[in-house]
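Since the structure comes first, as structure tokens, the remarks are kept for the end.
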Amino acid sequence: MKYSTFPVQKITKSKLSSVNFDDLKFGRDFSDHMLLVEYKNGAWETPQILPYQPLEFSPAASVFHYGQAIFEGLKAHKNEAGEIFVFRADENLKRLNSSATRMCMPHIPKGIFLDGLKQLIELDREWIPVGPGMSLYLRPFMVADDPFLGVKPSGSYKFMIITSPSASYYTGAVKVKIETHYSRAAVGGIGAAKAAGNYAASLLPAKKAQEEGFDQLIWTDAQSHEFIEESGTMNLMIVKGNTLLTPPLEGKTILPGITRKSILQLAEEWGYEVIERRISVNELTEGIEDHSIDEVFGVGTAATIAPIAAIGFEEKLLKLTDFTQWKFSTKVKQYLEDLKTGKIADTHNWIEVL
Ligand SMILES: *Cc1c(COP(=O)(O)O)cnc(C)c1O
């Protein structure tokens, strides 16, 4: 073992044989074990690895009332030889702790997050599916646990990691609608934190878009609705010739994606001009109409790349070209997938092999 280990209470009978690995969805099945650690009196207690199970909470637990809850999402991949690969988990820890700061929650020490994650993955290594697009999805999260209805930062928390064998999230290209009424995040709000409440607020707009025949939304800025921000729960990128464009993080209304960060770095290394700046709805729609925009896609851990096939704006439906012909997004998707499954050399030191 290359790291510290925590007390383990093993399952008595694995659920593995009850899961159909040929019909995995995203986030539906859960592996045998989970990690749990409690924060009390200003300190984290010893983490425990337990059988996956329901937990006991006070009905007054503040997470249920005021939503002090944050999460992360990352994946472990396994190759035919049984080697396990984890992509940039240190970045997930950094982001979890910056979400924690914004939500008045305690930071998680590296020794709990990274060591706990690795121990859990190794214990449930049989749960990692092998095959194209398949992975063990890892979901670390933290919730406020004080049984108290006063509005204040909780004094006690639970941090947990659960894991879920999953097939890929999206298939094919998506049809999205530019949302100009609702917004995901406002300046000064919690858009840059991976906070549960951001997702709750997005459900109604997403549902309405689905009723209109769209798969997802392109969020615009809350103030003017003139600038594009993210696509659903992914960061948004545009390729125009040799230029890669994406909205900037400065306003803190955009979630700082690890896929986003990695792709920007790769694009630069591959000789693309990388520009982080505001992109107006007009620039996007006109660029599609006059064919100066070549590719538009979402980026995130769940799907890596989600190419956009068509964009609805007001009464128009703007169609993009066939994404299978797109040069940059096809290349970067393949590169990241090969990297995350150990098929190519990890020249950036982004991968941990277990
Ligand atoms: C998690 C998330 C992303 C993508 O981040 P990755 O680290 O690349 O998975 C983008 N936008 C939102 C709103 C998110 O919650």
Side-chain angles (χ1 to χ4, degrees), residues 70-74 87-105 107-108 140 176 178-180 182-199 201-202 205 216-240 243-270 272-284 287 293 295-306 308 328-329 332-333 336 348 350:
I70 56 175
F71 67 96
E72 274 301 322
L74 68 163
F87 182 72
R88 308 193 82 172
D90 53 326
E91 291 287 333
N92 291 93
L93 171 62
K94 258 199 257 169
R95 186 171 64 193
L96 181 72
N97 283 337
S98 86
S99 299
T101 299
R102 179 64 184 82
M103 302 301 285
C104 270
M105 299 167 91
H107 282 201
I108 304 278
V176 299
I178 297 182
E179 176 62 65
T180 53
Y182 295 104
S183 41
R184 191 194 79 90
V187 174
I190 58 169
K194 229 169 160 70
N198 285 329
Y199 279 69
S202 75
Q216 256 310 342
L217 293 173
I218 289 184
W219 299 105
T220 53
D221 72 288
Q223 236 159 352
S224 67
H225 294 296
E226 281 173 27
F227 296 92
I228 58 170
E229 297 209 317
E230 297 203 50
S231 174
T233 58
M234 303 180 90
N235 294 119
L236 192 61
M237 293 189 176
I238 293 173
V239 174
K240 260 185 175 181
T243 304
L244 178 65
L245 284 169
T246 196
L249 302 178
E250 282 98 63
K252 302 233 171 186
T253 55
I254 286 172
L255 197 290
I258 296 160
T259 316
R260 175 188 184 279
K261 181 178 179 172
S262 307
I263 290 176
L264 294 184
Q265 186 176 334
L266 290 172
E268 215 157 273
E269 291 169 11
W270 295 345
Y272 282 81
E273 187 183 7
V274 173
I275 308 175
E276 294 175 68
R277 65 155 168 83
R278 297 188 93 186
I279 301 162
S280 69
V281 172
N282 278 340
E283 178 177 356
L284 174 64
I293 288 179
E295 311 178 21
V296 185
F297 51 91
V299 310
T301 297
T304 310
I305 301 281
I308 291 175
F328 178 76
S329 52
V332 81
K333 183 178 167 77
L336 284 172
H348 301 88
W350 284 347

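Quick note: numbers below take in every heavy atom, side chains included, and nothing from hydrogens, waters or symmetry partners.
Side-chain contact between K94 and L96: absent, with no pair of heavy atoms (C-beta onward) separated by less than 4.5 Å. Between M234 and Q216, the closest side-chain pair of non-hydrogen atoms is not below 4.5 Å. For the pair E283/R278, no side-chain contact is recorded, criterion being any heavy-atom separation below 4.5 Å from C-beta on. Taking the side chain as every heavy atom from C-beta outward, T301 and I258 never approach each other to under 4.5 Å. T246 places none of its side-chain heavy atoms less than 4.5 Å from the side chain of V299. For the pair K261/R95, no side-chain contact is recorded, criterion being any heavy-atom separation below 4.5 Å from C-beta on. Residues L266 and Y272 are not in side-chain contact: their nearest non-hydrogen atoms beyond the backbone lie 4.5 Å or more apart.
By the ring pair (Phe, Tyr, Trp, His ring centres under 6.0 Å) test, H107 is found to be paired with no residue, residues two or more places apart in sequence or in another chain being considered. By the salt bridge (Lys or Arg N to Asp or Glu O under 4.0 Å) test, E295 is found to be paired with no residue, residues two or more places apart in sequence or in another chain being considered. When the salt bridge (Lys or Arg N to Asp or Glu O under 4.0 Å) test is applied to E268, no partner is found at least two apart in sequence or on another chain. Considering only residues two or more places apart in sequence or on other chains, E229 meets the salt bridge (Lys or Arg N to Asp or Glu O under 4.0 Å) condition with none of them.
Formation of a donor-acceptor pair under 3.5 Å by the W219 side chain with backbone atoms of G232 is found in this model.
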Side-chain donor-acceptor pairs under 3.5 Å in residues 182-194, sequence neighbours left out?
from: Y182; atom 1: OH; to: K208; atom 2: NZ; distance (Å): 3.0
from: R184; atom 1: NE; to: E230; atom 2: OE2; distance (Å): 3.4
from: R184; atom 1: NH2; to: G191; atom 2: O; distance (Å): 2.7
from: R184; atom 1: NH2; to: E230; atom 2: OE2; distance (Å): 3.0
from: R184; atom 1: NH2; to: T253; atom 2: O; distance (Å): 3.0

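The salt bridge (charged side-chain N to carboxylate O under 4.0 Å, His left out) pairs that include a residue from residues 245-259 number zero, where partners must be two or more places apart or lie in different chains.
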Fill in: Worked verdict on I263 versus L336 for side-chain contact (heavy atoms from CB on, under 4.5 Å)
CA-CA 9 Å; I263 290 176; L336 284 172; 3.8 Å; yes
